[in-house]
Amino acid sequence: MNLLDQKLDILITGGTLLTMAFPGEVIEEPVIGIRDGRILFVEKGPLPAGTTPEAREVIDATGLLIM
């Protein structure tokens with residue numbers, strides 16, 4: 001099963017992600033999938049149309065910093 005096909009608790013889109021990877025990688029417009037309190041995936045850039053995973057809560061972080 002593809003990670004993008006899984007039912008998520010939270011889906012975060014947009015914004016700017018500051019990662020914990022050295023030296024602090026920055027990802028613009030990430031798509032972040034969370035289930036059971038764990039990050040399942042972080043995709044770089046917007047997903048192609050029609051591939052948005054199903055989630056109980058969707059957070060649009062446009063204009064925000066995600067840490």
Side-chain angles (χ1 to χ4, degrees):
M1 175 183 270
N2 184 334
L3 285 177
L4 297 177
D5 294 333
Q6 296 187 36
K7 171 88 171 168
L8 303 171
D9 295 327
I10 302 170
L11 178 68
I12 303 172
T13 61
T16 301
L17 173 63
L18 177 60
T19 71
M20 298 296 291
F22 183 79
E25 179 182 11
V26 175
I27 300 173
E28 297 293 337
E29 303 279 330
V31 177
I32 305 166
I34 301 170
R35 188 177 68 210
D36 297 328
R38 294 179 186 247
I39 298 172
L40 291 183
F41 61 84
V42 175
E43 294 290 328
K44 295 180 180 183
L47 296 175
T51 60
T52 303
E54 185 178 346
R56 283 190 304 118
E57 180 180 2
V58 178
I59 298 171
D60 179 1
T62 300
L64 302 174
L65 179 64
I66 305 164
M67 298 173 53

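One distance of note links CG of L11 with CZ of R35; it measures 13.0 Å at 0.5 Å rounding. If you take CD1 on I27 and CD on E43, they are separated by 9.5 Å, rounding to the nearest 0.5 Å.
For I39, the CD1 atom counts as loosely surrounded, since its 6.0 Å shell holds 12 or fewer non-hydrogen atoms of other residues, nucleotides or ligands.
Applying the side-chain hydrogen bond (donor to acceptor under 3.5 Å, both in side chains) rule to pairs touching residues 10-19 yields T16-E28, sequence neighbours excluded.
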Quick one: side chains of residues 58-67, donor-acceptor pairs under 3.5 Å with protein atoms, not counting sequence neighbours, listed by atom name and distance.
| residue | atom | partner | partner atom | Å |
| --- | --- | --- | --- | --- |
| D60 | OD1 | T62 | N | 3.0 |
| D60 | OD1 | T62 | OG1 | 2.5 |

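Grouping the Ile, Leu, Val, Met, Phe, Trp and Tyr side chains by contacts below 4.5 angstrom, directly or via other members, places I32 apart from F41. Cluster membership for L17 and I12, using ILVMFWY side-chain heavy atoms within less than 4.5 angstrom, is shared.
Heavy atoms only, all atoms of each residue included: G33 and L8 are closest at CA-CD1, 3.7 Å.
The side chain to side chain contact (heavy atoms under 4.5 Å, CB included) test applied to R56 returns K7, D9, not counting sequence neighbours.
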